[in-house]
Each structure stands twice: as C-alpha cells, then as structure tokens.
Amino acid sequence: MASLSSLTWYSRFIDETPGDSVVGGPPRQVEGACWSRVMPTPSPNPTLQLWSEEMANSLSISKGDLELLSGGEPCDGMDPYAQCYGGHQFGHWAHQLGDGRAITLGEVESDTGIVELQLKGAGLTPYSRTADGKAVLRSSIREFLCSEAMHHLGIPTTRALSLSTTGEEVMRDILYDGNRALEQGAIVCRVSPSFIRFGSFQIHAVNGDTATLRKLVEHTIINHFPEHQYSNDQQLLSWLAEIAKSTATMVSHWMRVGFVHGVMNTDNMSIHGLTIDYGPYGWIEDYNPNWTPNTTDLTHSRYRFANQPQIAGWNLARFLEAIAPLFDEPEQLSQILDVFFETLGQQQNSMWAGKLGFDSFSDEDVELVRELNTLLQLVETDMTIFFRILSEIEKPEINELKFAFYDEDTIPQQQWNNWLQKWWNRVEKRPNREKMKLANPKYVLRNWMAQLAIDDAEKGDFSLSIELFNLLKNPYSEQIEFQTKWFAKRPEWARNKVGCSMLSCSS
Ligand code: AMP
Ligand code: MG
C-alpha cells in the first residue's frame with residue numbers, strides 16, 4: 001500500500017481555469033478567478049482520531065500521513081488552493097463566499113476515477129471573510145460520520161477519509177447568543193470527484209465575467225462529464241439535463257431516509273448531485289414535515305424537510321440563470337426545470353413503491369400515500385421505526401407498529417387500522433419485503449446519536465464515534481446486537497438539547 005505522499009497528484013482545476021495572481025493573503029474580494037493558491041495552517045499537536053478504511057482502500061493508501069492530513073507541509077505534486085464561489089443564502093444573493101475554511105490539496109486516482117482531497121478546517125484563506133478558517137470537533141465528527149453513513153445508505157455524497165484533532169482551541173458561539181466558549185479544533189479530509197458547486201458558476205455570471213464562466217464550464221464538462229460537450233446550446237442542454245436529474249435523485253433519497261440538509265444554499269449544491277457541506281443537518285425522528293434542524297432558519301423554515309425538493313428546484317433555476325450567458329437562446333433553459341420536476345416525480349414514485357413494498361407505483365397509489373402522510377403527523381411517530389417495522393408486519397394492525405409511537409395511549413387506532421387494511425389489500429397481503437427493507441433503513445445517524453459520540457469525543461474517547469461509524473456501514477442490516485441501543489426513538493433528554501433539536505451554522 002502506498003502513502004498519500006507517494007501518490008501521483010494532479011491539479012486539473014488550477015491548470016485549466018483562471019486563478020488569482022496573489023498567493024494566500026488576507027480575506028478579500030477576488031475577481032476573475034476560480035481559485036487562490038493558499039497554504040494550509042499546520043496543527044500544533046495533531047492526532048489522527050477517525051479513519052475510513054473503505055475510502056483509504058479506494059485510494060490504495062494505508063493509514064498514516066497525519067502531517068499532510070492536519071495542515072502540514074504539502075508533499076511534492078500538491079498545489080493547494082481555495083476555490084472562489086458565490087451563492088444564494090436563504091434565498092438572497094450573498095455574492096462572494098468561497099472556501100473560507102476548506103483547502104484542496106489536489107487530485108489523485110481512486111478506484112472510482114480521479115478524486116479531489118480537501119482539508120476542512122485547515123486555516124485562513126482569501127475567502128474566510130470575518131471568520132477563522134478553523135473547524136471544531138463537534139461539526140467535524142458530524143461531517144465525518146454522516147458523509148460516510150450517507151454513502152453506505154446508497155445516497156450520493158462527498159466522502160471522508162480522516163478526522164484529526166489539531167490540539168488547538170477555537171472560540172465559537174454555538175447558538176449566536178453571546179455565549180462564546182473555547183472548543184477543540186479538528187480537520188476532516190474529505191473526498192469528492194470535485195467540490196464544484198452551483199455557486200462556483202454563479203459568481204462569474206453575476207460579475208459579468210463570461211470568459212471565466214466559459215472556462216469553468218469547459219473544465220467541468222471535459223473532466224467531470226466527459227460524455228458531454230460544450231460547443232452549442234444543444235450540447236449544454238444535454239449536460240444541464242444530467243445535473244437536473246442527479247439533483248432530483250439526490251433530494252429524493254433525502255426524502256426517503258428523513259434527512260434534512262439544513263442549509264440548502266446554492267453554494268452548498270454540488271454540480272455532481274452529491275450531498276455536500278454537512279453543517280446543521282438533521283434526521284427527522286417524529287414525522288414532522290415542517291421540521292428544520294437549523295436554528296438560523298427557524299423563522300421561515302425555508303429548508304424544512306418537506307420543502308427540500310422545491311428548494312433544490314429553486315437552486316437549480318439560479319444555476320441555470322448563471323449558465324444562461326453561454327446560450328444563444330437562453331429561453332430553452334426552462335426545459336431543464338421540466339426535466340428536474342419530471343425526474344423528481346418519477347423518483348418519488350419509485351421511492352414510495354420501495355417504502356411501501358409495491359412492485360411499481362400507480363396513479364391510484366397517490367391517495368394512499370397522501371393519507372399515510374396525514375396519519376403519520378397526527379401524533380408523534382418515529383419515521384425510521386415506522387417504515388422499518390412496516391416492512392416486517394404479518395398482520396395489518398397498528399398494534400404491530402406501536403413501538404414507532406412516542407405515546408402508545410394516543411395512537412389513533414381506528415384510522416391507522418383502516419389505512420393498514422387498504423395498504424394490505426393493495427399489496428395483496430404480500431408486500432415486497434426485500435424491497436421495503438432496502439428502502440427503509442433500520443439505522444440512521446439520529447442527531448442525539450451523533451451528540452452522544454461528540455460528548456465522549458470531547459472528553460477524548462472516540463469509541464462511540466467508531467461504534468456508530470461501524471454500525472452505519474450496514475444501515476439496512478438487522479444488526480440485532482445493536483437493536484436495543486440504536487433502533488430507538490429520540491430519548492426525552494434530546495428533545496430540546498443543543499446539537500440534537502437545535503443546530504446552527506456555527507462550526
Ligand atoms: P457553510 O454554511 O458551511 O456552507 O459556509 C458558508 C460560507 O462561510 C462558506 O464560504 C464557508 O467557507 C464560510 N465559513 C463557514 N465557517 C467558516 C470558518 N470557520 N472560517 C472561515 N469561513 C467559514
Ligand atoms: Mg458551504
């Protein structure tokens with residue numbers, strides 16, 4: 001097995017797109033550039049705490065290289081940089097954002113093609129604005145565990161290779177309420193085909209810099225969408241249709257497993273349709289479509305669970321506007337939104353067919369799903385447990401599912417039994433259980449599970465982080481030995497706890 005430093009490193013992004021002539025430097029506006037060269041900041045006392053063996057195997061490397069993974073001197077072939085991008089945050093154009101606390105080391109071969117390795121939390125870049133470029137342990141654990149868990153759920157996502165603590169403390173105000181405290185710093189090395197986002201294109205379009213926009217589109221298509229071309233409207237439309245489809249597919253997966261991203265700003269939308277930038281995300285536990293984990297978004301709940309498909313469409317529309325300057329006839333771009341919503345419809349139908357054990361979804365099933373959505377909201381009902389047990393029940397009786405309810409005395413028995421009977425008839429007493437179990441995971445990274453792992457890790461004990469990491473490699477398997485502990489509803493202590501029901505962008 002090789003080490004990171006012995007790999008062949010590529011820098012296609014900086015070789016092929018316009019960059020900043022200044023290296024490093026203080027936070028500032030950067031014009032006409034897709035990136036700025038910047039050196040990671042070394043950690044004073046790094047320790048490797050979490051390591052993804054699967055990711056390492058994919059890169060054909062063995063465990064190690066702590067220095068490189070924690071901000072140390074780059075090795076030969078690396079040419080580290082921070083990417084410039086903009087974005088719409090909570091519906092408003094925020095102009096330049098960029099990699100404020102992420103630094104790309106470079107690209108290497110993996111068993112799925114060339115991938116980019118990026119350190120999150122390795123210090124200041126020209127895009128750090130007023131912040132420090134660092135990341136804290138709690139959010140780094142959340143990113144490491146969740147991105148790997150999403151991968152094992154079969155959901156398109158960026159990955160994580162390592163998490164190291166830096167030995168440095170950083171100041172954070174978790175809820176932005178004036179209560180600042182020192183927290184341990186950490187760095188995650190994350191991995192993706194690229195970290196190009198919708199906002200990477202938007203910034204140049206808004207600046208009226210069509211030349212840079214065009215270069216970035218060409219780079220993206222040549223390297224990441226090699227089956228597409230970029231010379232005319234038709235070719236660009238076919239590329240954009242692929243992005244529309246992958247974005248719709250990603251968000252449908254989120255709806256299937258109850259994942260709420262929490263900050264679906266256009267700078268957090270990957271061009272590859274990957275789940276990216278794990279911040280104040282959460283998993284709905286009681287089935288509340290209006291829930292958002294993000295306290296910054298409580299007033300409007302723009303990024304609430306049920307709104308995610310619409311928001312993905314809205315974000316896609318902003319991305320299409322950014323590409324419009326490259327079109328002779330930009331009116332054609334509206335077709336791409338049609339592709340998005342058609343794909344979303346198909347994906348959601350097949351999602352419901354999977355969750356409910358139908359061989360295929362038909363128009364008559366719409367009403368059954370609508371009724372189910374209403375019933376799930378009548379009293380507090382755990383989404384994950386409900387669908388998992390539904391995959392197993394032998395009789396269409398709500399008693400079989402009572403473990404999914406927070407208060408068994410309040411279960412609307414008659415209404416549920418009516419619905420279950422309709423479902424039972426629909427599946428002719430033989431739901432496709434195998435299909436259901438592959439659509440309805442048994443284990444997901446509930447917020448309180450991550451918080452328990454964080455509480456221990458902050459005291460230096462990473463064993464729970466490792467236990468969850470391993471558990472979530474097989475989210476659809478029974479893993480009976482973990483059932484009592486982790487196939488469980490949210491404990492009462494977690495109901496209103498920071499980190500469980502309340503998260504912010506502070507990380
Ligand atoms: P996010 O909410 O993670 O998508 O971040 C939004 C923007 O804020 C991005 O440009 C980030 O790079 C930047 N940002 C967030 N946290 C920090 C930090 N600690 N230091 C510098 N920039 C940050
Ligand atoms: Mg982001």
Is there a donor-acceptor pair closer than 3.5 Å between any side-chain N or O of [X] and the backbone N or O of [Y]?
X      : Y      : result
Ser200 : Ile196 : no
Thr266 : Gly199 : no
Asn232 : Gln235 : yes
Asp382 : Asp286 : no
Ser139 : Ser507 : yes
Thr374 : Arg370 : yes
Glu143 : Val188 : no
Asp461 : Ala457 : no
Asp99  : Gln83  : yes
Asp297 : Arg302 : yes

Assess, by modelled atom type and distance only, whether the side chains of [X] and [Y] contain a donor and an acceptor separated by less than 3.5 Å.
X      : Y      : result
Tyr303 : Asn265 : yes
Asp111 : Ser58  : yes
Tyr281 : Asn447 : no
Glu285 : Thr384 : no
Glu397 : Gln413 : no
Thr157 : Tyr278 : yes
Gln308 : His261 : no
Gln483 : Lys442 : yes
Gln49  : Thr165 : yes
Asn418 : Gln414 : yes
Ser192 : Glu116 : no

*Can you tell me how far the OG atom of Ser391 sits from the CG atom of Asn440, to the nearest 0.5 Å?*
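These two atoms lie 4.5 Å from each other.
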
*Rounded distance [0.5 Å steps], CD in Gln310 versus CG in Leu344*: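 Result: 7.5 Å between the selected atoms.
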
*Can you label the angle between the Phe487 ring and the Phe403 ring as parallel, tilted or perpendicular, going by 30° and 60°?*
tilted

Tell me whether [X] is salt-bridged to [Y], with the criterion being a basic N under 4.0 Å from an acidic carboxylate O.
X      : Y      : value
Glu492 : Lys497 : no
Lys485 : Glu467 : yes
Arg197 : Asp277 : yes
Arg490 : Glu380 : yes
Arg433 : Glu392 : no
Lys473 : Glu148 : no

_Under 6.0 Å between ring centres: does that hold for Phe305 and Phe259?_
no

*Do Tyr230 and Thr220 come within less than 4.5 Å of each other through their side chains, counting heavy atoms only?*
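The answer is no, as the side chains (C-beta and beyond) never meet within the 4.5 Å cut-off.
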
*How about Met250 and Leu274: do any of their side-chain heavy atoms sit closer than 4.5 Å?*
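SC-SC contact between Met250 and Leu274 ruled out.
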
_Going by side-chain hydrogen bond (donor to acceptor under 3.5 Å, both in side chains), Gln202 matches just one of His95, His88, Arg318, Glu321. Which one?_
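With Gln202 as partner, side-chain hydrogen bond (donor to acceptor under 3.5 Å, both in side chains) holds for just one option, His88.
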
*Under the side chain to side chain donor-acceptor pair (under 3.5 Å) rule, what do Gln377 and Asn373 come out as? Steps first, then yes or no, please.*
CA-CA 7 Å; Gln377 293 171 62; Asn373 266 292; 4.8 Å; no

*After noting the C-alpha distance and the side-chain angles of Phe201 and Tyr85, does the key distance pass the ring pair (Phe, Tyr, Trp, His ring centres under 6.0 Å) rule?*
CA-CA 7 Å; Phe201 301 88; Tyr85 52 78; over 10 Å; no

_Exercise: identify the closest heavy-atom pair between Leu119 and Ile187_ =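 So the two residues come closest at CB-CG2, 3.9 Å.
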
*Show your reasoning for whether side chain to side chain contact (heavy atoms under 4.5 Å, CB included) applies to Glu478 and Arg388.*
CA-CA 10 Å; Glu478 295 304 333; Arg388 187 68 186 190; 2.9 Å; yes

*All pairs passing ring pair (Phe, Tyr, Trp, His ring centres under 6.0 Å) where residues 381-402 contributes a residue, at least two apart*: Phe386-Trp416

*Intermediate values then yes/no, salt bridge (Lys or Arg N to Asp or Glu O under 4.0 Å), Glu371 and Lys422*: CA-CA 11 Å; Glu371 287 175 18; Lys422 282 191 216 170; 2.8 Å; yes

_Check this for me: Glu331, atom CD, are more than 12 non-hydrogen atoms of other residues, nucleotides or ligands nearer than 6.0 Å?_
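It does: Glu331 CD has more than 12 such atoms within range.
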
